[in-house]
Amino acid sequence: YAQFVRADVAFRQYLKLAERTWLVFRELVGVGIPYGNSYDMPFERSFYSGGSIGMRGWKYRKLGPGAFHPEEDRNVERIGDIQLECNAEFRFPITGTLNGALFANVGNIWGYHANPLLPGGEFHFNTFYDQLAMDAGIGIRLDFSIAVIRIDWALPFRYPYPNDNGNHWTFGLNNILDSHVSFNIGYPF
């Protein structure tokens, strides 16, 4: 059996600006610490980043941990013991049941211990802020009262690792090529 302690907490604020117009924020902090006979958290209890309910500019479980960036497109399980994420979304009506959204997300995951298979993936207080990823995008929501069908298009703007020029920020064609479209039911938060 695995020995670990895990806690995660999310804060949400909903600011109503007008009828059907909202400014919504979410802050998420999660920490899992393996101990005793466990060096790692169990896979199913670990944190992940990327996907339609968090860092929408990345595919599901394709962000992090930390500054990890594989040289080739390897299929690596990107899980971590620590997660930090902040999301902001401006929701507004377009017409009838059709609503729109503008959003931005900042966050990443990290490992508690160094892992030679995921270099740069461990959490350090003096470097974690430089490993935060950022994305932004637009969305369409079909709100039928009993269900919301959501389509989001997000572009990554800041990567947790530097590019060939040593810069974390990218603007231009690479953003569009790295963009991600997600379809979902319900609001992300």
Side-chain angles (χ1 to χ4, degrees), residues 6-32 46-66 78-80 82-110 123 125 128-161 163 167-189:
R6 178 189 151 137
D8 54 284
V9 62
F11 299 99
R12 293 177 174 90
Q13 298 87 31
Y14 297 86
L15 305 172
K16 187 172 185 176
L17 304 177
E19 188 64 32
R20 295 177 42 209
T21 304
W22 295 83
L23 190 55
V24 182
F25 299 98
R26 178 182 71 165
E27 298 81 30
L28 174 66
V29 177
V31 177
S46 296
F47 297 100
Y48 67 90
S49 194
S52 64
I53 61 170
M55 299 296 295
R56 290 172 264 186
W58 280 265
K59 293 179 182 175
Y60 179 69
R61 291 188 183 207
K62 292 296 182 184
L63 176 60
R78 297 177 183 220
I79 57 175
I82 299 167
Q83 181 177 22
L84 297 174
E85 192 172 302
C86 294
N87 315 97
E89 186 167 286
F90 175 61
R91 300 173 182 166
F92 54 91
I94 296 175
T95 181
T97 60
L98 184 64
N99 298 322
L102 301 172
F103 57 85
N105 308 296
V106 177
N108 204 345
I109 59 169
W110 293 267
F123 183 87
F125 278 105
F128 84 92
Y129 57 86
D130 198 35
Q131 298 171 350
L132 290 171
M134 181 182 289
D135 65 49
I138 59 174
I140 298 292
R141 283 88 167 97
L142 292 168
D143 190 346
F144 299 110
S145 296
I146 61 168
V148 174
I149 298 172
R150 176 170 54 95
I151 302 170
D152 289 330
W153 179 48
L155 292 91
F157 286 105
R158 187 179 195 286
Y159 292 84
Y161 46 83
N163 60 20
N167 192 353
H168 291 265
W169 297 91
T170 66
F171 299 98
L173 182 60
N174 283 342
N175 295 74
I176 295 170
L177 296 175
D178 286 347
S179 68
H180 180 65
V181 176
S182 61
F183 300 90
N184 217 325
I185 296 176
Y187 286 106
F189 47 89

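A quick note: this is a predicted structure, and the numbers were derived from the prediction, not measured. Residues take their numbers from the sequence shown, with the count starting at 1.
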Aromatic ring proximity, centroids under 6.0 angstrom, Tyr159 and Phe157: no
CE-NE2 distance between Met134 and His168, expressed to the nearest 0.5 angstrom: 12.5 Å
Rounded distance [0.5 Å steps], NZ in Lys59 versus OG in Ser182: 12.0 Å
Contact check, side chains of Leu155 and Asp178, non-hydrogen atoms, under 4.5 Å: no
Test of ring centre spacing under 6.0 Å for Phe25 and Tyr14: no
Non-hydrogen atoms of Gly139 and Phe103 that approach each other most closely: N-CE2, 4.1 Å
Non-hydrogen side-chain atoms of Asp143 and Tyr187 separated by less than 4.5 Å: yes
Approximate separation, where rounding is to 0.5 Å, of Ile79 CD1 and Ser49 OG: 13.0 Å
Sub-4.5 Å side-chain heavy-atom contact between Asn99 and Ile94: no
Minimal non-hydrogen separation, Arg78 against Gly64, with atom names: CD-O, 3.1 Å
Contact summary for Arg56 and Asn105, nearest pair of heavy atoms: NH2-OD1, 3.5 Å
Thr21 side chain near Phe90 side chain, heavy-atom distance below 4.5 Å: yes
Any side-chain heavy-atom pair of Leu63 and Tyr48 under 4.5 Å: no
Pair Arg158 + Asp130, salt bridge at N-O below 4.0 Å: yes
Distance in Å, Asp8 CG paired with Ile82 CD1, rounded so as to fall on 0.5 Å steps: 13.0 Å
Basic-acidic side-chain contact under 4.0 Å: Asp152, Arg141: yes
Atom CG of Leu23: over 12 foreign heavy atoms under 6.0 Å: yes
Between Ser52 and Asn184: side-chain donor-acceptor atoms closer than 3.5 Å: yes
Atom of Arg20, atom of Gly96 and distance for their closest heavy-atom approach: NH2-O, 2.8 Å
Chi angles and distances behind the side-chain contact (heavy atoms from CB on, under 4.5 Å) call for Leu15, Trp22: CA-CA 6 Å; Leu15 305 172; Trp22 295 83; 5.8 Å; no
Exam field: side chain Asp135 to backbone Gly57, donor-acceptor pair closer than 3.5 Å: yes
Working for side-chain contact (heavy atoms from CB on, under 4.5 Å), residues His180 and Met55: CA-CA 10 Å; His180 180 65; Met55 299 296 295; over 6 Å; no
Pair Trp153-Ser179, side-chain donor/acceptor within less than 3.5 Å: yes
Evaluation steps, side-chain contact (heavy atoms from CB on, under 4.5 Å), between Leu84 and Phe128: CA-CA 10 Å; Leu84 297 174; Phe128 84 92; 3.7 Å; yes
Arg26 and Glu85 ion-paired at < 4.0 Å: yes
cation_pi(Arg91, Phe189) dist<6.0 Å, angle<=45: yes
Heavy-atom check, side chain of Trp169 versus side chain of Asn163, under 4.5 Å: no
Student check: side-chain heavy atoms of Phe11 and Leu28 closer than 4.5 Å: no
4.5 Å side-chain heavy-atom contact, Arg150 and Ile185: no
Heavy-atom pair of closest approach, residues Ala133 and Trp58: CB-CH2, 3.5 Å
Where Asn108 and Gly66 come nearest, the two heavy atoms and their spacing: ND2-O, 3.0 Å
